[in-house]
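Data block below; observations after.
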Amino acid sequence: MKKTIMAILLLPLLAGATTSNMSKYKLVENTAMRNAPQTYYKKYISMKTSFVATSPSMPYFIEKTFSSKKYYMLIISPASFRVIAKRDKELDELMATLKKATPVILYGKVKKFSNKKFHSGISEYYLDLDKIEIDKEAQATQETKKEIKEDREELKKELRQRILDRKVRKRRMPNVITD
């Protein structure tokens, strides 16, 4: 009896755990993260960006902390800072399906590299990736734009062909003067 009452009381808490988990992430724009990453230090953020690739090797200052055998370094566009994710089965499967310029949503915590030797153009902050999702809305928009572009190219080809046919017909037809 007590176990069922406890289960009934805990059920709403467990059901709300996933929604509260996602609510701890603050949505941050790429430009804000690029211009002032220190403001988000030790905070959980989510960011909409475009996936470019994974880097097979990491720079020397990152390799000291994160082995490329155990971690991924994601390259995103615009390249505002580094994104590092621990390898696991789910992430391996997702990385295999991602293509260049796929819109994604990144969830994670902003951290600072422990190594102090950096080049001037490299941010000392990185995103420790918790979760990555494919942005379905942005992907649908991107596919629609691609279809529109293909339709425009097809219409341009058709118009060029009509213009070319008209020029050829004018050359073949002699000027006939009628009385």
Side-chain angles (χ1 to χ4, degrees), residues 18-157:
T18 56
T19 56
S20 64
N21 241 0
M22 298 310 274
S23 65
K24 73 177 179 180
Y25 296 100
K26 180 183 177 184
L27 184 62
V28 176
E29 294 292 324
N30 287 334
T31 53
M33 191 61 196
R34 182 178 53 234
N35 295 338
Q38 63 276 7
T39 57
Y40 302 105
Y41 181 55
K42 292 186 177 180
K43 294 181 182 171
Y44 289 93
I45 65 164
S46 66
M47 192 170 76
K48 292 184 177 186
T49 185
S50 184
F51 173 80
V52 176
T54 57
S55 179
S57 62
M58 297 187 194
Y60 69 94
F61 62 92
I62 298 175
E63 190 72 41
K64 289 179 180 180
T65 310
F66 302 102
S67 168
S68 58
K69 293 178 183 176
K70 294 182 181 179
Y71 292 90
Y72 280 115
M73 186 171 76
L74 306 179
I75 302 170
I76 58 172
S77 174
S80 51
F81 62 101
R82 312 261 184 204
V83 178
I84 297 179
K86 190 166 186 163
R87 291 181 185 252
D88 62 357
K89 191 175 181 178
E90 286 181 25
L91 192 59
D92 290 340
E93 291 172 1
L94 184 62
M95 289 300 154
T97 61
L98 288 177
K99 297 177 183 174
K100 186 175 181 177
T102 303
V104 293
I105 303 173
L106 304 173
Y107 299 94
K109 186 175 184 178
V110 178
K111 294 184 177 180
K112 195 173 186 178
F113 288 113
S114 58
N115 193 347
K116 299 293 180 189
K117 296 180 182 178
F118 289 93
H119 298 291
S120 59
I122 299 172
S123 174
E124 59 186 331
Y125 297 93
Y126 69 96
L127 182 69
D128 185 20
L129 193 70
D130 292 334
K131 184 180 176 183
I132 183 171
E133 289 180 351
I134 296 175
D135 190 0
K136 301 289 185 190
E137 291 176 13
Q139 191 173 24
T141 305
Q142 193 176 34
E143 288 173 2
T144 306
K145 286 180 181 178
K146 188 176 181 181
E147 289 173 3
I148 290 170
K149 186 177 179 182
E150 289 172 355
D151 289 344
R152 283 185 183 164
E153 290 298 321
E154 191 176 307
L155 288 172
K156 282 181 183 178
K157 284 181 183 178

Rounded to the nearest 0.5 Å, what separates atom [atom1] in [X] from atom [atom2] in [Y]?
| X | Y | atom1 | atom2 | value |
| --- | --- | --- | --- | --- |
| Thr97 | Met95 | OG1 | CE | 8.5 Å |
| Ile76 | Arg82 | CD1 | CZ | 10.5 Å |
| Ile45 | Lys26 | CD1 | NZ | 10.0 Å |
| Tyr71 | Arg87 | OH | CZ | 11.5 Å |
| Glu90 | Glu93 | CD | CD | 7.5 Å |
| Ile148 | Glu150 | CD1 | CD | 10.5 Å |

Measure across [X] and [Y] and return the closest heavy-atom pair with its distance rounded to 0.1 Å.
| X | Y | value |
| --- | --- | --- |
| Pro37 | Val110 | O-CG1, 4.2 Å |
| Asp130 | Gly108 | OD2-CA, 3.7 Å |
| Asn30 | Ser77 | ND2-O, 4.4 Å |
| Ser50 | Ala101 | OG-CA, 3.3 Å |
| Phe66 | Phe113 | CE1-CE2, 3.9 Å |

* Evaluate the side-chain proximity of Ile134 to Leu94: yes if any heavy-atom separation is below 4.5 Å, no if none is. =>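 In contact.
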4.5 Å side-chain heavy-atom contact, Lys24 and Tyr107 |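 The answer is no; the side chains never approach within 4.5 Å.
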Determine whether a donor-acceptor pair (N or O, by modelled atom type, separation under 3.5 Å) exists between the side chain of Thr54 and the backbone of Met73.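 Such a contact is absent between Thr54 side chain and Met73 backbone.
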Pick one: which of Lys109, Lys112, Lys111 meets salt bridge (Lys or Arg N to Asp or Glu O under 4.0 Å) with Asp128?
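Going through Lys109, Lys112, Lys111 one by one, the salt bridge (Lys or Arg N to Asp or Glu O under 4.0 Å) with Asp128 is satisfied by Lys111 alone.
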Between Ile84, Asp92, Asp88, which is the residue that forms a side-chain contact (heavy atoms from CB on, under 4.5 Å) with Tyr72?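 So, applying the side-chain contact (heavy atoms from CB on, under 4.5 Å) to Tyr72 and each of Ile84, Asp92, Asp88, only Asp92 qualifies.
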TODO: State which residue, out of Leu74, Leu106, Val83, Asp135, fulfils the side-chain contact (heavy atoms from CB on, under 4.5 Å) condition with Thr49.
DONE: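 Filter result, single survivor: Leu106.
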Please list all pairs passing the side chain to side chain donor-acceptor pair (under 3.5 Å) test where one or both residues lie in residues 35-47, with sequence neighbours left out.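 Sorted pair list comes back empty.
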